[in-house]
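Here the structure is laid out as structure tokens; the discussion comes afterwards.
By convention in this document, chain letters (A, B, ...) are assigned in the order of the sequence lines, proteins followed by strands, and residues within each chain are numbered from 1.
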Amino acid sequence: MSSTKVRVRFAPSPTGGLHLGGVRTVLYNYLFARHHGGDFVLRIEDTDQSRFVPGAEDYIMDCLKWCGLIPDESPLRGGPFAPYRQSERKESYRQYAEQLVIQGYAYYAFDTTEELEHMREKFKSDPNPSPQYDAKLRNHMRNSISLPAEEVKKLLDAGTPHVIRIRMPENEEIHFDDMVRGHVSFATNSVDDKVLLKADGMPTYHLAVVVDDYLMKITHAFRGEEWLPSAPVHLLLWKYLGWENSMPQWAHLPLILKPDGHGKLSKRDGDRLGFPVFAMNWTDPKTGELTEGFREKGFLPEAFINMLAVLGWNDGSEQELFSLDELVEKFSIGRVHKGGAKFDYEKAKWFNHEWIKKSDTERLLPDVKKVFRDKGIDISNDTLEKIIPLLKERCTLLPEFFEQGSFFVIRPETYDLPAVQPKWSEQKKTFFIQWIESLKDLQEWNFASLETSFKEKAANSEIKPGELLLPLRIMLVGGKFGPAAFDIAVVLGRDETIGRIKAALEVF
RNA sequence: GGCCCGUUGGUCAAGGGGUUAAGACAUCUCCCUUUCACGGAGGAAUCACGAGUUCGAAUCUCGUACGGGCUACCA
């Protein structure tokens, strides 16, 4: 209905690792923007200098890059609405706060932290365990509403530290239509006079999000459900600032919950239950503590994104595997689920397994190469091209390519003897000795010829081929795992195959 | 405590007045494979509860319960 271009933003606070839920918010933003041919903006909400964490911003951008969710405008790329870091926009916020004071929608408050604590203590009661700075209480505090005008002026002239608070109206009803929840309403009496501008001159989230969304012409705002209670403040600000007609449409996304128990999924849950919560490895610069990410755990970004997309959304069909392009095509905010979803790591791994299986060798090659390189082994692309197709259906996480396939490049040093020895015999040993000889003269070194030769020799020895297959596998692999034995022999090549059989024969 | 949001198998979920209430993960059984997987067949398992509206409610309404979020000069 509107012809204005869709513009959405992801507005993280750079305070640490990028959480699953954060990535999903980015993803929904991105999908919505692309689906509607709009712009996707990354805006850094760094208004809390006390929580500044060096490196966190670059880290977030790296995560987005890994996920393939590249913003059209960002601190890195710039754009027509630069700067994209709120700390760099500091000067622009004060005027709006002052404007609100002049219009009577906000006021100066001089209360110190101690005074606020004292107030909370003093007015705390059983029916009201957490008293709010609101219409009932602001007259008991030191602010430009409770204090005489001369005194306010005096305090201001003296440079007394102060904040600017919104003056929440009494007995009003605020309501709006949320894109995922439908109609939502609040009574203004239950909302406190939120701080808009802090004593250090920085805006709080409440002011900054409204001012920047307006200035950056944001049309749709997605954020986590934890923001719902402060939505009335934002709605009012849009109205008081006179921008009501430009207000974005809101969508409050359901939360991602702990797999066990209840509550929001946190980094701690990952540590406790043994799965990643952050997109990529994050090292806390203060403590040096490393938290493993999905990338390093061995997830493909395609799978990570896919898994996140359907955690709270589906297209109504039975399809579960979606590429990013398909998601862009099919995503609709209206089909986002309202309720929170418990995170299921098993299902997450299933997605990764599916994506590994459906990815072609060329796609997987660099990742698998890295897995081996991290183990100190360089493998040629030629070999990789041969082993990846053989290995991928048994690998759920990338590092398993090494676990499942290291024997291709490292001759086994130990054997799963209990698997062979009980049924081992001189006849079998003789068979292998003879087979080695015929292998030397084998015309074609491929699956079919190996199999034929193996079966013929087995028949001559009057042993069932099946009883020889397991020993052969152990000789080649060392254990009871891996692709078909003849497939392995093909990749190993004639010399190495014969060599391994000989070596094993010494031990069996 | 208050305010807001939510509630379909263990988990993710489709379904929005009439369905045998899909599908997926996990789980169990079997088949395939003398490795591990993949694949295939099947099983068990769900509408939180109570009222109402209706010929008929998982679907609509209201209560209750339960869960979650928020309740900072953090986002």
How would you label the contact of [X] with the nucleic acid (heavy atoms, under 4.0 Å): base, sugar-phosphate, or nothing?
X	answer
A:Gly312	sugar-phosphate
A:Gly482	base
A:Arg335	sugar-phosphate
A:Pro483	base
A:Ala484	base
A:Ser317	nothing
A:Val477	nothing

Just checking [X]: does its [atom1] atom have more than 12 heavy atoms from other residues, nucleotides or ligands closer to it than 6.0 angstrom?
X	atom1	value
A:His118	NE2	no
A:Arg268	CZ	no
A:Glu413	CD	no

Atom [atom1] of [X] and atom [atom2] of [N]: how far apart are they, to the nearest Å?
X	N	atom1	atom2	result
A:Phe322	B:A13	CZ	P	13 Å
A:Asn189	B:C4	CG	P	11 Å
A:Lys342	B:U8	NZ	C1'	14 Å
A:Lys338	B:U59	NZ	P	14 Å
A:Ile256	B:G6	CD1	P	18 Å
A:Glu318	B:C12	CD	P	19 Å
A:Leu468	B:U35	CG	P	14 Å
A:Glu467	B:U33	CD	C1'	16 Å

Heteroatom pairs (N/O) under 3.5 angstrom, protein to nucleotides 39-42 of chain B:
residue : atom : partner  : partner atom : Å
B:G39   : OP1  : A:Lys357 : NZ           : 3.2

Run the salt-bridge test on [X] and [Y] with the 4.0 Å N-O cut-off and return the result as yes or no.
X	Y	result
A:Lys358	A:Glu302	no
A:Arg335	A:Asp315	no
A:Lys349	A:Glu354	no
A:Asp46	A:Arg85	no
A:Arg142	A:Glu115	yes
A:Asp192	A:Lys194	yes

Contacts of A:Ser453 that satisfy side chain to side chain donor-acceptor pair (under 3.5 Å) - sequence neighbours left out: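 A:Ser453 satisfies side chain to side chain donor-acceptor pair (under 3.5 Å) with A:Trp435 only.
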Sequence-distant partners of A:Arg9, side chain to side chain donor-acceptor pair (under 3.5 Å), two or more places apart: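 For A:Arg9, the residues satisfying side chain to side chain donor-acceptor pair (under 3.5 Å) (neighbours in sequence not counted) are A:Asp213.
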In terms of the nearest nucleotide of RNA chain B, which residue is placed more toward the 5' end: A:Arg24 or A:Ala485? A:Arg24
[N] to [M] separation - [atom1] atoms, rounded to the nearest Å:
N	M	atom1	answer
B:U33	B:U7	C1'	44 Å
B:A58	B:U19	P	9 Å
B:A41	B:C5	C1'	43 Å
B:C62	B:A57	C1'	15 Å
B:U20	B:A45	C1'	16 Å
B:U8	B:U59	P	12 Å
B:C70	B:C12	C1'	26 Å
B:A26	B:G40	P	13 Å

Starting from the C-alpha separation in whole Å, work towards a yes-or-no answer on side chain to side chain contact (heavy atoms under 4.5 Å, CB included) for A:Arg43 and A:Met216. CA-CA 10 Å; A:Arg43 183 175 71 217; A:Met216 294 183 175; 3.6 Å; yes
Contacts of A:Tyr133 that satisfy ring-ring contact (aromatic ring centres under 6.0 Å, His included) - sequence neighbours left out: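 ring-ring contact (aromatic ring centres under 6.0 Å, His included) list for A:Tyr133, sorted by chain: empty.
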Between [X] and [N], does any side-chain N or O lie under 4.0 Å from OP1 or OP2?
X	N	answer
A:His337	B:A14	yes
A:Asn314	B:A14	yes
A:Lys480	B:C36	no

Would you kindly check whether a donor in the side chain of A:Arg394 faces an acceptor in the base of B:C36, or vice versa, at under 3.5 angstrom? yes
Is it the case that A:Ser266 and A:Asp269 place a side-chain donor and acceptor less than 3.5 Å from each other? yes
Please verify the inter-ring angle class for A:Phe299 with A:Tyr345; under 30° counts as parallel, over 60° as perpendicular, anything in between as tilted. tilted
Using side-chain heavy atoms (C-beta onward) and a distance below 4.5 Å, is A:Lys264 in contact with A:Lys258? no
RNA chain B stem ranges, 3 or more consecutive Watson-Crick or G-U pairs under 3.5 angstrom: B:1-7 with B:65-71, B:10-12 with B:23-25, B:27-31 with B:39-43, B:48-52 with B:60-64
When you measure from the centre of the six-membered ring of A:Trp355, is the NZ or CZ of A:Lys357 under 6.0 Å away and within 45° of the axis?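 Geometry flag: not set, cation outside 6.0 Å or 45°.
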Strictly distance-based, threshold 3.5 Å: is any side-chain N or O of A:Ser146 a donor or acceptor partner for the main-chain N or O of A:Met141?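 Checking the backbone N and O of A:Met141 against the side chain of A:Ser146, a donor-acceptor pair under 3.5 Å is found.
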Please tabulate the protein-to-nucleotide N/O contacts below 3.5 Å involving nucleotides 26-31 of chain B, giving atom names and distances.
none

Can you pull the salt bridge (Lys or Arg N to Asp or Glu O under 4.0 Å) pairs that have at least one residue in residues 461-484 of chain A, sequence neighbours excluded? A:Lys428-A:Glu467
Each nucleotide in nucleotides 66-75 of chain B should get exactly one letter: B, S or -. Can you fill that in based on protein heavy atoms under 4.0 Å? -SSBSBSBBB
Which of residues 167-183 of chain A sit near RNA chain B, with a heavy atom under 4.0 Å from it? A:Arg181
Quick one, which residues of residues 402-419 of chain A touch RNA chain B with a heavy atom under 4.0 Å?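 Those residues whose heavy atoms fall under 4.0 Å from RNA chain B, taken from residues 402-419 of chain A, amount to none.
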For A:Arg167, check salt bridge (Lys or Arg N to Asp or Glu O under 4.0 Å) against everything at least two apart and list the hits. none
Once salt bridge (Lys or Arg N to Asp or Glu O under 4.0 Å) is applied, do any residues pair with A:Glu456, and if so which ones, sequence neighbours excluded? none
